[in-house]
Structure formats: C-alpha cells, structure tokens
Amino acid sequence: METRHDFGSKIGAVLASAGSAVGLGNVWRFPTEVGNNGGAAFIFIYLLCIAFIGIPVMMSEFLIGRHTHTNTISAFAKLAPGKWWRIEGIAGVFVAFLILSYYIVISGWTLFYLIESVGGKLQADRDYSDVFNNFVSNPWMPVLAGVAFMAFTHFIIARGVQSGIEKSSKLMMPLLLFIIGILVVCSFGMPGSSKGLSFLLKPDFSKLTADVILSAVGQAFFSLSLAMGCLCTYASYFRADTNLPKTAVGVSVIDTVVAILSGFIIFPAVFSVDGVSVDAGPGLVFITLPSVFNIAFHHVPIIGYIFSAFFYLLLLLAALTSAISLHESVTAYVLEAFSLSRKRAAAAVSIACMTLGIVCSLSFGLLGDLKLFDMNIFELFDFTASKIILPIGGIIICLFTGWYLDRKLVESELTNQGKLRFKLFRIYYFIIRYVAPLAIAAVFLQEILS
Ligand code: PFF
C-alpha cells in the first residue's frame, strides 16, 4: 500500500484546487453561455450563484474530504457506515470518469489548434467551419490528439500528489494567469473593442428568463468542479491547518476572475469584426475565433499570430489542470480500494478512460449515426453527467452535510477544531440546508422537464 501524501503547502492546495476549477468551463463554456444568454445580465446572476450556492457547496466537499482523508467513495462510507449515502461517493467517482472520457476529446482539439496556430496554419483566409468539421470527423487526428493529451495527464498523475499535481499546478496556474493578462491587453487594444465591453458590462435585465437563471446555476457547478469527487479528493490531501472557508473563497474568486477575463478576451475580439455573431454556441472558440483573429489582425499578422497561439495555449493549460483533478478522483479510489501502486492505478484509469474517449471522439465521424434519444455518444455522456448525475449529486452533498452530519462535526471541521473563527457559519448552514438544495432541485427539474 502506498503512503498517502498531503499537499506540501497551503498555496499548493489552493492552486491545485483552482486548477481543477479553471478549465474549458471558464475559457470555452462560460463565454459561450454568456453569448447565448444575453451578456451582462447572465454574468450578474452567475455571480450570485457562485456566492450563494457554489462557495457553500465547495466548503461542504472540502470538509468531507479533509475530515476523512480518503478517496470520495470511502469518505462517504466512513462518515455514514452501512448507509445509502455512500451512493454519492460512487456517483462522484463514476461521473469524474465519464466526464474525463469526453473532456479529453475537446482537450485534444485544443492541442491540435495550438499546434496549428504555432505552425502558422490559422493565419490564412480559410473557411474555419470546414477546417473544424473536417478535423473532428477525421478518424485519426482527433483520436491521436486525445491520446497525446491523456499521456500528459497520465504522466503528472503517476508522479504523485506533491511532485505531480502540486508541482505542476504551481507552474501552470501562474503561467495561465500571465497569459490571460497578455491576451486581455491585446483584446482591449483592438478597434471596436468597446462594443464587446459594453456587452459584458451593461446588463439588460429584460433578457433574464428562468432558463437563463438555470443555465447560470449549471455553469457555476460545472465551473467550480462541484459534485464530482474532485474537490473532495483534493481536500483529502489538505493539511490540518488549511483554512477551508478561505480556501473555498480563494478558489471561487480565481475561477470567476478567469471566466470573466476570458469573456474580456473573446468578446471585444469578436465585436471588433463586423458581421460575426456572439451566440455561435460551442463553435465560438474553434470556428468563430480563428476567423476573427485573421480578419482583425490582417494588418499586423504577427500580433494575430501571438494572440491565437497564446489563446490555444491558455485553453490547453486550463484543460490540463482540470483533467488532472478528474483523473485523480478516480485514481485515488482505484489505488486505495485495490491496494495498487500509484503507477498501476493511474495506468488502469488512463487506459480505460482513453478507450471510452476514443468512442466519444469517433461520435463526430465514424460513429456519428449511433444515437440514443437523438444524442450521439459524446452528447449522451455530457447529458448524463452534467444534467443528471451532477445536480442530483449536488443535492445529496447539501442534504448530507446539512441534515445527516452532526452540526458540531461540520462546524468543528470548518473552524479547524475551534482554532479559527468562521463568523458566517450560521448563514452557511442555512444555505446548505435549505437554499442550495432547493435551488439545485429547481434547475434539475427544469432541465429534465424541458
Ligand atoms: N471545472 C472544470 C472546468 O471548468 O472546465 C471542469 C471540471 C473539472 C468539472 C473537474 C468537474 C471536475 F470534477
């Protein structure tokens, strides 16, 4: 049996958790949601969701993980021996596995786009819709890109908690923030960027519908990596003196700042080109942006080159830090449950996930006709994970912490056995018992009914 290591430093714990949260969800999904849901009004609701639902749920995951110091499945089993709550641990690890298998597909695309942009191939007047469709439907290229991405992830996980996850997060997260800084400056400097800024800053509350609010809650959950065992697993490596409420706030602030800055990178760029639509959906990053980079930087191609290469590097780093946490959530369980060495457990998870990932990848080409409920395999996985298992998991975590666990245990874990002051505990407890589970239940029912 391997010795269990903790994160060596508090900053390492914050950066690794922030790495899990900051991902494709921030740079790709958030701007897409903002574009589809009307801009600033969506952002306003999103911020409320982060503050009043996201942070309390994250604190709950942290306390469950740190209190038990074990993988997510054993954590629930330990706190509620012989009870059905353990299903939540199983669902968390299962959903992390499912998400990782399609997350690597999109991550592979970002790797391909990075290589293309560094090689100068995104610097031409091409039909980028064709470029994208030809690439994703090719039987080999996206699979190879996904395998390469999985190899990076595997390498980091196999090195362990301190020399793999913590060290890489300490390197990648500052680099990621630095790149965002450069890109925001580039984007603000573009002609016509003020139109993009007002889209992001001036709320039009007439655009707010129930659907927009529900999308904001869903996005907050996905973006903060909640209900998938990842943060619970990471918290099991937190040291006894880590301040859980502060860490949850820190991680959520980093995640939200990155999401909003990604909007500040993408929208001024998109608005600077006439006739390009902001609500392009998932194609925003892979189809709309390459054309925007080209048109906008026609006169200074070198800046266009730097902008696009840095942008896809940013996307890749964000994807990698999140994929690591998804992988670790599953690896920690396999390693501890089957008493395997870390290297073997990581290899088993990488191979299993990659196999499923290949099937997902082929659902854009060879296996495109294989459909269930009108969804291809990729869409089916995404739907099952983020629209069904995730919200149910969120509700269970709230009920578990708010109603099943002893209030004293919850308070004592959040205050490091009374050594820290947590003045807002009562508010936290009220939210976790009533507000958060009801709000998530509303989202879930709406999604299912629609
Ligand atoms: N939070 C990540 C993102 O925004 O892309 C995605 C993610 C990672 C979701 C880890 C869930 C998770 F457990």
Side-chain angles (χ1 to χ4, degrees), residues 15-34 46 49-50 54-55 57-58 60-62 64-65 71-73 88-89 91-110 149 153 156-157 165 169 172-173 176 180 215-236 248 251-263 282 285 314-333 349 353 381-382 384-391 393-394 397:
L15 289 179
S17 311
S20 169
V22 173
L24 295 172
N26 303 62
V27 191
W28 175 57
R29 202 168 187 265
F30 179 78
T32 308
E33 292 280 306
V34 173
Y46 178 76
C49 293
I50 294 281
I55 296 178
V57 173
M58 190 184 290
S60 306
E61 283 207 31
F62 278 170
I64 294 169
N71 66 77
T72 312
I73 295 186
E88 172 46 24
V93 171
F94 173 72
V95 83
F97 180 75
L98 204 62
I99 293 185
L100 183 58
S101 68
Y102 69 79
Y103 206 79
I104 49 179
V105 174
I106 306 181
S107 307
W109 299 353
T110 67
F149 179 84
T153 313
I156 293 169
I157 291 293
I165 302 173
S169 305
M172 288 196 280
M173 288 308 286
L176 185 145
I180 289 190
S215 304
V217 181
Q219 171 62 21
F221 256 70
F222 186 85
S223 188
L224 292 179
S225 303
L226 298 176
M228 305 187 211
C230 293
L231 294 182
C232 195
T233 307
Y234 273 9
S236 74
V251 170
S252 305
V253 168
I254 297 179
D255 187 67
T256 308
V257 168
V258 171
I260 291 179
L261 289 182
S262 300
V285 158
L314 165 70
L315 210 53
L316 185 71
L317 287 174
L320 189 55
T321 51
S322 295
I324 292 169
S325 72
L326 288 163
H327 199 306
E328 179 62 20
S329 173
V330 190
T331 302
Y333 166 68
V349 175
C353 230
F381 281 15
D382 186 28
T384 316
S386 54
K387 303 257 160 86
I388 300 192
I389 307 181
L390 197 143
I397 289 175

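Position 1 is the first residue of the sequence; numbering continues from there. First listed ligand is number 1; within each ligand, the first listed atom is number 1.
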**Q** Please tabulate, one line per pair, the protein N or O atoms found under 3.5 Å from any N or O atom of ligand 1, giving the distance to one decimal.
**A**
{"from": "ligand 1", "atom 1": "1 (N)", "to": "Ser20", "atom 2": "O", "distance (Å)": "3.3"}
{"from": "ligand 1", "atom 1": "1 (N)", "to": "Ala21", "atom 2": "O", "distance (Å)": "3.0"}
{"from": "ligand 1", "atom 1": "1 (N)", "to": "Phe222", "atom 2": "O", "distance (Å)": "2.9"}
{"from": "ligand 1", "atom 1": "1 (N)", "to": "Ser223", "atom 2": "O", "distance (Å)": "3.0"}
{"from": "ligand 1", "atom 1": "1 (N)", "to": "Ser225", "atom 2": "OG", "distance (Å)": "3.0"}
{"from": "ligand 1", "atom 1": "4 (O)", "to": "Ala21", "atom 2": "O", "distance (Å)": "3.0"}
{"from": "ligand 1", "atom 1": "4 (O)", "to": "Gly25", "atom 2": "N", "distance (Å)": "3.3"}
{"from": "ligand 1", "atom 1": "4 (O)", "to": "Asn26", "atom 2": "OD1", "distance (Å)": "3.3"}
{"from": "ligand 1", "atom 1": "5 (O)", "to": "Leu24", "atom 2": "N", "distance (Å)": "3.0"}
{"from": "ligand 1", "atom 1": "5 (O)", "to": "Gly25", "atom 2": "N", "distance (Å)": "2.7"}
{"from": "ligand 1", "atom 1": "5 (O)", "to": "Tyr103", "atom 2": "OH", "distance (Å)": "2.6"}

**Q** Can you name the ring-ring contact (aromatic ring centres under 6.0 Å, His included) partners of Tyr46, sequence neighbours left out?
**A**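 Checked Tyr46 against ring-ring contact (aromatic ring centres under 6.0 Å, His included); matches are Phe30.
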**Q** Counting heavy atoms not belonging to Phe94, are there more than 12 under 6.0 Å from its CZ?
**A**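 Open: at most 12 neighbouring heavy atoms sit under 6.0 Å from CZ of Phe94.
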**Q** Minimum heavy-atom separation for Val285 to Val27, with atom names?
**A**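 Of all heavy-atom pairs spanning Val285 and Val27, the closest is CG2-O, 4.0 Å.
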**Q** Answer yes or no: is there a side-chain heavy-atom contact under 4.5 Å between Ile165 and Ile157?
**A**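 Sidechains of Ile157 and Ile165: in contact.
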**Q** Quick check: closest heavy atoms across Val22 and Thr321, and the distance to 0.1 Å?
**A**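 It is O-OG1, 3.5 Å.
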**Q** Answer yes or no: is there a side-chain heavy-atom contact under 4.5 Å between Ile324 and Met172?
**A**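 Yes, their side chains come closer than 4.5 Å.
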